[in-house]
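Data block below; observations after.
As the structure is a computational prediction, the values presented were derived from the model and not from experiment.
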Amino acid sequence: MKKITKAILVTIFMFMCLFTTVYATSNEKSQETLKGESTGKLLEIKKHELTTIEDYKEKYGSDTYGVTAYILDRVRIYSIPLVFIGIAFSAIYQYVIGLKKLDVRDKGFNNIIAIITIGVICQILPIVFAIVVTNAGNQ
């Protein structure tokens with residue numbers, strides 16, 4: 001029964017791959033326009049990020065503190081989706097795979113605890129940095 005199901009799925013996949021029609025044309029002018037737009041957007045993003053770093057440097061009064069604050073801010077922003085993804089994978093380990101294997105269930109639970117702890121640290125670290133640096137500058 002499993003072999004028949006696998007054979008049917010493989011056959012359907014092959015039909016989907018073989019009978020797909022792709023309409024594409026090569027136009028040099030459109031390629032140049034796309035390259036120009038993407039280059040312009042990249043330069044705009046770079047300029048925005050450099051001004052953000054300069055703002056942090058002015059705010060904290062030092063190049064080192066400014067770059068550190070910028071990096072911690074980026075870690076804070078990107079840690080949120082990574083924590084959700086990590087919790088989802090760990091929950092799969094705990095609740096789906098862990099139903100048959102108890103050691104995997106414990107591994108999933110321990111990973112959830114570790115990911116939440118790392119997420120909280122990534123969210124609190126920029127605040128602690130800002131408080132310490134601004135209080136050190138006032139003394």
Problem set entry | Nearest-0.5 Å distance, OG1 of residue Thr117 to CD1 of residue Ile112 | 11.5 Å
Exercise. Is there a chain of hydrophobic side chains (I, L, V, M, F, W, Y, each step under 4.5 Å between heavy atoms) that links Tyr70 to Leu72?
Worked result: yes
For this session: Look up atom NZ in Lys46 and atom CD in Glu49, then write down how far apart they are to the nearest 0.5 Å.
Result: 12.0 Å
For this session: Quickly, which of Ile113, Ile115, Asn110, Ile85 forms a side chain to side chain contact (heavy atoms under 4.5 Å, CB included) with Ser90? Name it, please.
Result: Ile115
Problem set entry | Spatial distance of atom CD1 (Ile71) from atom CG (Leu125) [nearest 0.5 Å] | 11.5 Å
Exercise. Above 12 or not: heavy atoms from other molecules or residues under 6.0 Å from OH of Tyr65?
Worked result: no
Problem set entry | NZ/NE/NH1/NH2 to OD/OE distance under 4.0 Å, Lys57 and Glu54 | yes
For this session: Give me the other members of the hydrophobic cluster that Phe84 sits in, counting Ile, Leu, Val, Met, Phe, Trp and Tyr linked by side-chain heavy atoms under 4.5 Å, directly or via other members.
Result: Ile80
Exercise. Can any side-chain N or O of Gln94 pair as donor or acceptor with the backbone N or O of Asp106 at less than 3.5 Å?
Worked result: no
Problem set entry | Verify same cluster id: Ile53, Val133 (apolar side-chain graph, 4.5 Å) | yes
Exercise. Looking at side-chain heavy atoms only, is the closest gap between Asp73 and Tyr56 below 4.5 Å?
Worked result: yes
For this session: Give the cluster check for Val132 versus Val120: same hydrophobic cluster or not, with ILVMFWY residues linked at side-chain heavy-atom distances below 4.5 Å.
Result: yes
Exercise. Would you say Ile116 and Ile87 make side-chain contact, with heavy atoms under 4.5 Å?
Worked result: yes
Problem set entry | ring-ring contact (aromatic ring centres under 6.0 Å, His included) partners of Phe129, counting only residues at least two apart | Tyr60
For this session: Would you indicate whether the side-chain heavy atoms of Ile77 and Arg74 approach each other to under 4.5 Å?
Result: yes
